[in-house]
Amino acid sequence: MIYPIVAFGDPVLKKRAEDVEPGTDVKQLVEDMFATMYAASGVGLAAPQIGKGIRLFVVDAKPMDEEDESLQHLKKAFINPTILEETGDKWPFEEGCLSIPGVRADVYRPAKLRIRYFDADWNEHVEDYDGMGARVIQHEYDHLEGVLFTDYLSAMKKRLLKNRLADISKGQVKADYRMKFPAAPRRAGVR
Ligand code: NI
């Protein structure tokens, strides 16, 4: 099943997500999240983006750089993750987000991280990531904390984007995948 992706402005994107009850069968949900992510040509998708306030995200960073060997195997589901530490110099990268179509901006993030998480079989892992892999994980992890990449922008940049973000929440934006808009006007005759 392919879920509609929740757009900027929906409160679920600004709330800290709750842990998944350990042992819960999440396999179908994980499969559906990968399908939803691929349908939108994304490299990461967090559960709040399909309207579920739970600590689960999927990534497949392979399309980001076919030359980068470390990304070719980064197709994973992260359940109840905790970033244990972030180290290294902060570096900028122009990020986007499936919930905020058409908006991109430079975000500075630490170069490396160590993360603990469960996979869809509830095996626990502690792993280190750097480079683009770390970047994708940090962006998705932020979604579980109720943080969007636009939260990192300067006050001036935020002011410049304000109207565009308001338009996105109203559905006045083009995306080539199905979305759910929190502030879309109701159609006449529909209650
Ligand atoms: Ni995002």
Side-chain angles (χ1 to χ4, degrees), residues 2-18 20 29-30 32-65 71 74-83 86 90-111 113 115 117 129 131-154 157-158 161-162 164-183:
I2 291 176
Y3 287 90
I5 292 176
V6 166
F8 181 92
D10 192 304
V12 73
L13 296 176
K14 294 307 296 172
K15 261 199 339 226
R16 189 178 188 272
E18 304 276 344
V20 180
L29 176 60
V30 164
D32 290 346
M33 285 181 61
F34 274 115
T36 301
M37 180 181 83
Y38 292 134
S41 307
V43 294
L45 182 72
Q49 294 182 278
I50 57 162
K52 297 184 188 295
I54 55 172
R55 297 184 70 78
L56 195 170
F57 65 79
V58 298
V59 304
D60 184 352
K62 193 172 173 176
M64 290 208 79
D65 187 353
L71 298 181
L74 185 47
K75 180 193 170 180
K76 286 181 185 182
F78 294 78
I79 300 158
N80 293 351
T82 305
I83 289 186
E86 291 184 296
K90 288 191 172 187
W91 62 289
F93 182 76
E94 192 180 59
E95 296 188 15
C97 180
L98 294 177
S99 294
I100 317 175
V103 175
R104 302 191 69 87
D106 270 348
V107 178
Y108 283 78
R109 298 187 189 270
L113 64 85
I115 188 167
Y117 68 96
Y129 289 94
M132 205 49 82
R135 168 73 53 167
V136 176
I137 289 168
Q138 285 159 329
H139 177 110
E140 298 312 322
Y141 186 86
D142 267 356
H143 275 298
L144 307 187
E145 301 294 306
V147 174
L148 301 172
F149 81 89
T150 45
D151 293 329
Y152 293 104
L153 304 181
S154 68
K157 187 101 207 227
K158 277 182 190 154
L161 276 175
K162 203 174 167 218
R164 246 167 100 196
L165 293 174
D167 283 348
I168 290 172
S169 66
K170 285 184 273 193
Q172 289 162 8
V173 66
K174 252 208 162 99
D176 50 13
Y177 43 91
R178 201 150 65 92
M179 295 192 78
K180 185 172 163 266
F181 302 101

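Start at 1 and go down the list; that is how both ligands and their atoms are numbered. In what follows, every heavy atom counts, from backbone to side chain, and hydrogens, waters and symmetry copies are set aside. Predicted model only: the values in this text are computed from it and were never measured.
Only one option out of Arg109, Lys14, Arg135, Arg16 pairs with Asp142 in a salt bridge (charged side-chain N to carboxylate O under 4.0 Å, His left out); it is Arg109.
For the atom pair Ile79 CD1 and Tyr117 OH, the distance stands at 9.5 Å (nearest 0.5 Å).
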Derivation of the salt bridge (Lys or Arg N to Asp or Glu O under 4.0 Å) call for Glu18 and Lys52:
CA-CA 9 Å; Glu18 304 276 344; Lys52 297 184 188 295; over 6 Å; no
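Ring geometry for Tyr38 against Phe34 counts as parallel: the plane angle stays under 30°, on a 0 to 90° scale with 60° as the upper cut.
When all heavy atoms of Gly9 and Ser169 are compared, the closest pair comes out as CA-CB, 4.1 Å.
A cation-pi contact, defined as under 6.0 Å to the ring centre and within 45° of the axis, is absent between Arg104 and Phe93.
Each protein N/O/S atom under 2.8 Å from the Ni ion (ligand 1) was counted, for a total of 3.
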